[in-house]
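Report on one structure; see the data block that follows.
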Amino acid sequence: MAATASPASQPVRVVLRVRPFLPSEAISAAGPCVGLLGSHPGGEVTVQLKDQYTSRNECYRLDAFFGQESRVSEIFDQEVCTVIPAIFDGINATVFAYGATGSGKTYTMQGTEDLPGLIPLAVSTVLALCTGTWCSVEISYYEVYMEKCYDLLEPKAREIMALDDKDGNLQLKGLAWVPVRSLEEFHEIYSIGVQRRKVAHTGLNDVSSRSHAVLSIRVSTDVVKGKLNLIDLAGNEDNRRTCNEGIRLQESAKINQSLFALSNVISALNKKEPRIPYRESKLTRILQDSLGGNSRAVMIACLNPVEYQEAVHTVSLAARSRHVVNHMSSASKQETPKDKVNMEVKLRAWLESKGKTKSIQRMGGLLSPNASKTPLSMSHRKQSASVRVSGRGKAMDQDGGKIKKVLFDSACRIPAENLHRVGTQDEVNTTKKVVLPSLTPCKEDKTVSSLRKALSPISSNMAPQNQQSADDSNCVFSLEPKTPMGSCNIVGKVAGVTPLDKFNAMGSSLKESLIQQYLDFLNVANKEELQKLKGIGERRAEYILELREDSPKPFKSLSDLGNIGLSSKQIQDILCKTATGIFK
């Protein structure tokens, strides 16, 4: 008996399958602990879980119910078969079986020779749809065992890496894809992978799966590629009943940990939390595009008919999964808003809400039209006690020793007695030259002068050496940049600039040079040289060499390092360590 809802009624469809009694259970069982309570006009169904030994009962609403008399082929015809045509249009789909150990998940997915399961039925349907077309079919089969991924189609067990591409989609580096042309060829390949999957005897199951297994069917057309994932999850276990010890206990802990991470992901999606913990386990990373992603998904909750508590746990999680929304269209980056945002107005409103009147007054002076034209005020008042230098930068104390960070809305106060005005106000306005607020006497301090001469050749934006010497003696600079090089251009052109300003400009140039040299090294170095870099191991070195086969220079900017699985924080740490290593 099967009661179903419309396949398009829920983004993530959740159906319930109750396996038949085993011979040992049929003798003592009073009846199944779950049954169909009723159907609804929208196609949904309500199931009731009832404890055979107490009066406890629970009711849940799902998309479909398949009782003990239903066959796996009915689930395929009514649920799985409807999502297969979409993969020919480039829309991915996922079908996964979830439940406690011994609930019939592996039987549902694999079946037997006489009664095939969902996997062989899906492959047969895909191959039939490809007959007489230019479509090609490939399969991959891998498992997640002890939080590591292994390719089951490789003769030698080899770990495969789970990486994110530049669009944030999960890619399994090193996973083999095998072309399949007939159902007989598929059975030959698939049976080899099934034999390599980790299984073991436990107190509740003679052949208990110790890993999550994923069979992927990829269909390639002239235009798009679509993928169907068929996942057989390992069952959560109560070690008090399974009596697991040693390695079995470790396996059980990893399985339960990954399934707990799955429940956390579903809970976060239902609450619409800003951060979804997909990275808590390998399992949730694999299911990322199926839960809240861009893949059509069908969850088959499998139940043991005699275990009420296990059934409650399974169905409660399954019922929550129905509220997870998937987006079928391909992921796209958010466009930059075209409307300009007045940051001055927003900052002023924020300061007013915090009651910071002094900051608002300072901001009025810093953001005025006259202040934006020149870095220093054109008006020199004798009674002024200090000069404020705004912006995010650094300042040096009068003795030239300690360096202090100057954050936004803070200022560096420079004593007025160190200011030497040249000419009258009219002369200043005519030549647009002002006196640099020097922190030390310009003519007498030979140490600072020699330091400036030593640093001056580093920046290509600086004036010639002889010109700088002349300007150093007068401590005067022009406020008109000769080339549109941004704010740093003033530092390069200013002859009387402080050593700290020159040092900051030099640091920026060195940083850009270091980044470019690092990218050039990744584009030309061999495997042994790549492995010597911090953060680049053997696998990433091999992946870099493969990328260079497709493109002679795959790394043109720091963002390209995301193609080898490095996050922005990892990239920053690697560059910091590289720069630190230079001075060791």
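Positions are given from 1 along the sequence. Remember, it's a predicted structure, so these values are computed and weren't measured experimentally. No hydrogens, no waters, no symmetry mates; every other heavy atom, side chains included, goes into these values.
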Check: Between Leu49 and Val315, is a side-chain contact (heavy atoms from CB on, under 4.5 Å) present by the stated rule, with each step listed?
Finding: CA-CA 9 Å; Leu49 304 179; Val315 179; 4.0 Å; yes
Notebook entry, point to check: Please walk me through it: do Asn304 and Arg19 pass side chain to side chain donor-acceptor pair (under 3.5 Å)?
Noted result: CA-CA 6 Å; Asn304 182 336; Arg19 69 161 173 81; 3.2 Å; yes
Next item on the list: Test side-chain contact (heavy atoms from CB on, under 4.5 Å) on Tyr150 and Ile160 and set out the steps.
Entry: CA-CA 6 Å; Tyr150 297 96; Ile160 53 183; over 6 Å; no
Nearest 0.5 Å, please: how far is [atom2] in [Y] from [atom1] in [X]?
| X | Y | atom1 | atom2 | answer |
| --- | --- | --- | --- | --- |
| Lys271 | His323 | NZ | NE2 | 13.5 Å |
| Asn57 | Asp51 | CG | CG | 9.5 Å |
| Cys135 | Leu129 | SG | CG | 9.0 Å |
| Ser557 | Ile515 | OG | CD1 | 10.0 Å |
| Leu545 | Lys527 | CG | NZ | 7.5 Å |
| Glu528 | Lys532 | CD | NZ | 8.0 Å |

Next item on the list: Only one of Val214, Leu283, Ile255 passes side chain to side chain contact (heavy atoms under 4.5 Å, CB included) with Leu233; say which it is.
Entry: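 Passing option: Leu283.
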Item checked: Candidates Lys105, Glu143, His212 - the one meeting side chain to side chain contact (heavy atoms under 4.5 Å, CB included) with Asp232 ->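 Testing each of Lys105, Glu143, His212 against Asp232, the sole residue satisfying side chain to side chain contact (heavy atoms under 4.5 Å, CB included) is Lys105.
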Would a 4.5 Å heavy-atom cut-off, applied to side chains only, mark [X] and [Y] as touching?
| X | Y | value |
| --- | --- | --- |
| Phe66 | Val72 | no |
| Leu115 | Tyr107 | yes |
| Tyr60 | Val45 | no |
| Met161 | Leu172 | no |
| Lys254 | Ser281 | no |
| Arg197 | Ser209 | yes |
| Asn236 | Thr101 | no |
| Pro32 | Phe21 | yes |

On a heavy-atom basis, which atom in [X] and which in [Y] lie closest, and how many Å separate them?
| X | Y | answer |
| --- | --- | --- |
| Lys50 | Tyr308 | C-CD1, 3.6 Å |
| Leu317 | Ile266 | CD1-CD1, 3.6 Å |
| Ser267 | Arg320 | CB-NH1, 3.8 Å |
| Gly537 | Gln531 | O-CG, 4.0 Å |
| Val324 | Val12 | O-CG2, 3.4 Å |
| Val312 | Glu58 | CG2-CG, 4.1 Å |

Does any N or O in the side chain of [X] come within less than 3.5 Å of the main-chain N or O of [Y], such that one atom is a donor and the other an acceptor?
| X | Y | value |
| --- | --- | --- |
| Thr314 | Glu310 | yes |
| Asp151 | Ala176 | yes |
| Glu280 | Pro277 | no |
| Arg296 | Ile91 | no |
| Thr131 | Leu127 | yes |
| Lys556 | Lys553 | yes |
| Arg548 | Ala525 | yes |
| Ser216 | Ser140 | no |
| Thr125 | Leu121 | yes |
| Arg13 | Val298 | no |

Check: For the side chain to side chain donor-acceptor pair (under 3.5 Å) test, which of Arg210, Lys282, Glu251 pairs with Tyr145?
Finding: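 Among Arg210, Lys282, Glu251, the one that satisfies the side chain to side chain donor-acceptor pair (under 3.5 Å) with Tyr145 is Glu251.
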Item checked: Trace of the side chain to side chain donor-acceptor pair (under 3.5 Å) decision for Arg17 with Thr108 -> CA-CA 9 Å; Arg17 176 184 181 264; Thr108 301; 3.3 Å; yes
Checklist line | Candidate pair Leu522 and Glu529, rule side-chain contact (heavy atoms from CB on, under 4.5 Å), full reasoning | finding: CA-CA 9 Å; Leu522 294 179; Glu529 293 173 335; over 6 Å; no
Quick check: are there more than 12 heavy atoms from other residues, nucleotides or ligands sitting under 6.0 Å from [atom1] of [X]?
| X | atom1 | answer |
| --- | --- | --- |
| Gln171 | CD | yes |
| Glu113 | CD | no |
| Lys148 | NZ | no |
| Phe521 | CZ | yes |
| Lys173 | NZ | yes |

Next item on the list: Take Thr94 and Ser290, measure what side chain to side chain donor-acceptor pair (under 3.5 Å) needs, and give me the verdict at the end.
Entry: CA-CA 6 Å; Thr94 300; Ser290 305; 2.6 Å; yes
Margin query: Run the ring-ring contact (aromatic ring centres under 6.0 Å, His included) test against Tyr141 and tell me which residues pass, sequence neighbours left out.
Written below: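 Result, ring-ring contact (aromatic ring centres under 6.0 Å, His included) vs Tyr141: Tyr190.
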Contacts table for residues 219-228: side-chain donor-acceptor under 3.5 angstrom, sequence neighbours left out:
{"residue": "Thr221", "atom": "OG1", "partner": "Val223", "partner atom": "N", "Å": "3.3"}
{"residue": "Thr221", "atom": "OG1", "partner": "Val224", "partner atom": "N", "Å": "3.0"}
{"residue": "Thr221", "atom": "OG1", "partner": "Val224", "partner atom": "O", "Å": "2.9"}

Next item on the list: Output, in order, the C-alpha distance, side-chain angles, deciding distance and verdict of side-chain contact (heavy atoms from CB on, under 4.5 Å) for Glu79 and Met299.
Entry: CA-CA 10 Å; Glu79 301 296 334; Met299 179 181 186; over 6 Å; no
